[in-house]
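Quick note on labels: first sequence line is chain A, next is B, and so on, each numbered from 1.
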Protein chains: 2
Amino acid sequence: MSEDNDNADEVFGFFTEIGIINQLSTAMFAKSLPDGVHPSHFAILNHLARMGDGKAPMRIASAMQVTKNTMTHSLKVLQDRGYIEVQPDPEDGRGKRVFLTETGRAFREEAIALVAKELRHVIGADQRAIMHRIRGDLKQMRKHLDDNR
Amino acid sequence: MSEDNDNADEVFGFFTEIGIINQLSTAMFAKSLPDGVHPSHFAILNHLARMGDGKAPMRIASAMQVTKNTMTHSLKVLQDRGYIEVQPDPEDGRGKRVFLTETGRAFREEAIALVAKELRHVIGADQRAIMHRIRGDLKQMRKHLDDNR
DNA sequence: ATTATATAGTACGATATGGAACTAGTAAAG
DNA sequence: CTTTACTAGTTCCATATCGTACTATATAAT
C-alpha cells in the first residue's frame with residue numbers, strides 16, 4: 001500500500017517536473033514566435049521542413065500527437081496565412097497532401113533565428129550539458145510511453 | 001551560424017522530447033481520471049492536499065503555471081463539483097482562500113489509487129530507473145527555466 | 001458484385017486556456 | 001489625507017483542443 005503510494009508519488013513527481021518544464025519552455029517559445037503564431041502551428045511547419053512535405057494530415061496528426069480535428073483546424077490556420085498548400089491525394093480519393101509554400105519556409109527560418117536568439121539568453125553551458133546527458137533516457141522513455149499507450 | 005543552428009536543433013529536440021512525454025503522460029492521466037475531470041483540475045486538488053489548503057487563487061495559479069483567468073475558471077468547476085470551498089480572505093479584502101472539502105479529499109484519494117493502478121501496467125523497472133536517474137537534472141533544469149523566465 | 005468494415009477528413013459543440021479591460025481593495029508617495 | 005501605483009479576482013472574447021457524429025472513399029468478406 002504505502003509502497004504503491006510512494007511509487008505513485010515518485011511517478012507523479014516525475015511527470016509533474018516534465019509538465020512544468022514543458023509549460024515554461026512552450027511559453028518561452030510562444031513569446032519569441034512572431035505575430036501570434038501558436039507553437040503547435042510552428043511545430044507543424046517544422047515537421048514538414050525537417051521530415052519532408054507532401055504528407056497526409058492524418059500522418060502529421062499522429063506525429064504531432066493531436067487528433068485529426070485539431071489538425072484540420074491548424075492546417076486551416078496555416079493555409080489562411082499562406083504557409084502551406086493542401087492538395088487532394090492523387091492516389092487516395094479520401095486523402096489530402098500538405099505542402100510548404102516558399103512563404104512558409106521563409107517564415108520558419110526567420111522564426112528559428114528569432115527563437116535561437118532568445119534561447120541564447122536562457123540556455124547556458126550547464127543546461128546544454130543536462131540536455132546532452134539525459135537525452136538518451138528521455139528518448140527511451142518517450143518511446144516506451146508511445147509504444148504502450 | 002551553423003553552430004547556432006545545430007545548437008538550436010539540439011535544444012529544439014530536447015524540448016520536443018519533453019513535450020511528447022508530457023503529452024502522452026497527460027493523456028494517460030486523463031484517461032484514468034474518473035468522470036471527465038481534467039488533469040489540470042486534479043493537479044489543483046493534488047497541490048492543495050500536498051501543500052496545504054487555505055491558499056489564495058493567485059498563489060495556486062503561480063504554482064500551477066497558469067494565468068489567474070484560468071484559475072478563476074478551474075476553481076469554479078471544482079466548486080461546482082463540491083471538491084473545494086472558496087472563502088474571502090479575512091486579512092485582505094481583495095483576496096480569497098481555497099479550502100478542500102471532505103468530498104474533494106476523498107475524490108483525490110480515489111483518483112490516485114485509480115491512476116496508480118493504471119500506471120502499474122505502463123511504468124516498469126526500466127522506467128522507474130530512468131526517472132530516478134534523471135530526476136536531479138530535470139529538477140535543476142526546471143529551476144533554471146523558472147528563475148529565468 | 002454486394003455488403004460490411006475501416007479510414008481520411010469535416011462539422012459542430014464543449015471545455016481549457018490566455019489576453020485585455022474592468023472592479024475593488026491595498027500600499028506607497030507627496 | 002489624497003493621490004498614485006499596484007494587486008486579486010472577475011468578465012468578455014478569441015483560440016487550441018477534443019469528442020461525437022457525419023460524409024466519402026477504400027478495403028475485406030462473402
Chemist: How bent is the helix from C/dA1-D/dT30 to C/dG30-D/dC1, comparing axes over its five end pairs at each side, to the nearest 10°?
Modeler: 20°

Chemist: According to ring pair (Phe, Tyr, Trp, His ring centres under 6.0 Å), who are the partners of A/Phe29, at least two apart in sequence or on a separate chain?
Modeler: B/Phe12

Chemist: Give the residues of residues 45-58 of chain B touching DNA chain D, defined as any heavy atom closer than 4.0 Å, sorted by residue number.
Modeler: B/Ala56, B/Pro57, B/Met58

Chemist: Expressed in angstrom and rounded to an integer, what is the separation of B/Ile60 atom CD1 from C/dT17 atom P?
Modeler: 14 Å

Chemist: Is any side-chain N or O of A/Thr72 closer than 4.0 Å to OP1 or OP2 of C/dT10?
Modeler: yes

Chemist: Using a cut-off of under 3.5 Å, enumerate the N/O to N/O pairs linking the protein to nucleotides 26-28 of chain C.
Modeler:
residue	atom	partner	partner atom	Å
C/dT26	OP1	B/Gly93	N	3.0

Chemist: Which residues satisfy the salt bridge (Lys or Arg N to Asp or Glu O under 4.0 Å) test with B/Arg135, sequence neighbours excluded?
Modeler: none

Chemist: Starting at atom CG of B/Leu33, determine the distance to atom C1' of C/dA16, rounded to an integer number of angstrom.
Modeler: 15 Å

Chemist: Under 3.5 Å, side-chain donor or acceptor atoms of residues 56-70 of chain B against the rest of the protein: list the pairs with distances, not counting sequence neighbours.
Modeler:
residue	atom	partner	partner atom	Å
B/Ser62	OG	B/Met58	O	3.1
B/Gln65	OE1	B/Arg149	NH1	3.1
B/Thr67	OG1	B/Asn69	ND2	3.4
B/Thr67	OG1	B/Thr70	N	3.4
B/Thr67	OG1	B/Thr70	OG1	3.2

Chemist: Give every donor-acceptor pair under 3.5 Å between a side-chain atom in residues 97-105 of chain B and any protein atom, sequence neighbours left out.
Modeler:
residue	atom	partner	partner atom	Å
B/Arg97	NE	B/Asp89	OD1	3.1
B/Arg97	NE	B/Asp89	OD2	3.4
B/Arg97	NH2	B/Asp89	OD1	3.4
B/Thr101	OG1	B/Gly82	O	2.6
B/Thr101	OG1	B/Tyr83	O	3.1
B/Thr101	OG1	B/Thr103	N	3.4
B/Thr101	OG1	B/Gly104	N	3.0
B/Arg105	NH2	B/Asp53	OD2	3.3

Chemist: Taking all non-hydrogen atoms of both residues, which atom of B/Asn22 and which atom of A/Gly19 are closest, and how far apart?
Modeler: OD1-CA, 3.3 Å

Chemist: First locate atom CD of A/Gln140, then atom CG of A/Leu145, and finally report the distance between them rounded to the nearest 0.5 Å.
Modeler: 10.5 Å

Chemist: Could you check how far CE of B/Met71 sits from P of C/dG19, rounded to whole Å?
Modeler: 15 Å

Chemist: With sequence neighbours left out, what residues match A/Lys139 under side chain to side chain donor-acceptor pair (under 3.5 Å)?
Modeler: none

Chemist: Please report the interatomic distance OG1(B/Thr16) to CD1(B/Ile21), rounded to the nearest 0.5 Å.
Modeler: 11.0 Å

Chemist: Just grab all the ring pair (Phe, Tyr, Trp, His ring centres under 6.0 Å) pairs involving residues 119-149 of chain B, residues at least two apart or on different chains.
Modeler: none

Chemist: Does anything in residues 13-27 of chain A pair up under salt bridge (charged side-chain N to carboxylate O under 4.0 Å, His left out), and if so which pairs, sequence neighbours excluded?
Modeler: A/Glu17-B/Arg142

Chemist: Sequence neighbours excluded, which residues qualify as ring pair (Phe, Tyr, Trp, His ring centres under 6.0 Å) partners of A/His41?
Modeler: A/His38

Chemist: What distance separates A/Phe14 CZ from A/Met141 CE, expressed to the nearest 0.5 Å?
Modeler: 4.0 Å

Chemist: Rounding to a whole Å, what distance do you find between A/Lys76:NZ and D/dT15:C1'?
Modeler: 13 Å

Chemist: Just verifying a value: how many Å separate B/Leu138 CG and A/Ile134 CD1, rounded to the nearest 0.5 Å?
Modeler: 4.5 Å

Chemist: Any N or O donor-acceptor pair under 3.5 Å from the base of D/dG9 to the side chain of B/Lys96?
Modeler: no

Chemist: Calculate the interatomic distance between A/Leu24 atom CG and C/dG18 atom P; express it in whole Å.
Modeler: 12 Å

Chemist: Between C/dC22 atom C1' and B/Lys68 atom NZ, what is the distance in whole Å?
Modeler: 10 Å

Chemist: In Å and rounded to the nearest 0.5 Å, what is the CD1 to CD distance from A/Ile18 to A/Gln23?
Modeler: 13.5 Å

Chemist: C/dT10 P sits how many Å from A/Leu75 CG, rounded?
Modeler: 8 Å

Chemist: Shorter than 3.5 Å, N or O on both sides, protein versus nucleotides 16-19 of chain D: list them out with atom names.
Modeler:
residue	atom	partner	partner atom	Å
D/dA16	OP2	A/His73	NE2	2.6
D/dT17	OP1	A/Ser40	OG	3.3
D/dT17	OP2	A/Ser40	OG	3.2
D/dC18	OP2	A/Thr67	N	3.1
D/dC18	OP2	A/Thr67	OG1	3.4
D/dC18	OP2	A/Thr70	OG1	2.7
D/dG19	N7	A/Asn69	ND2	2.8

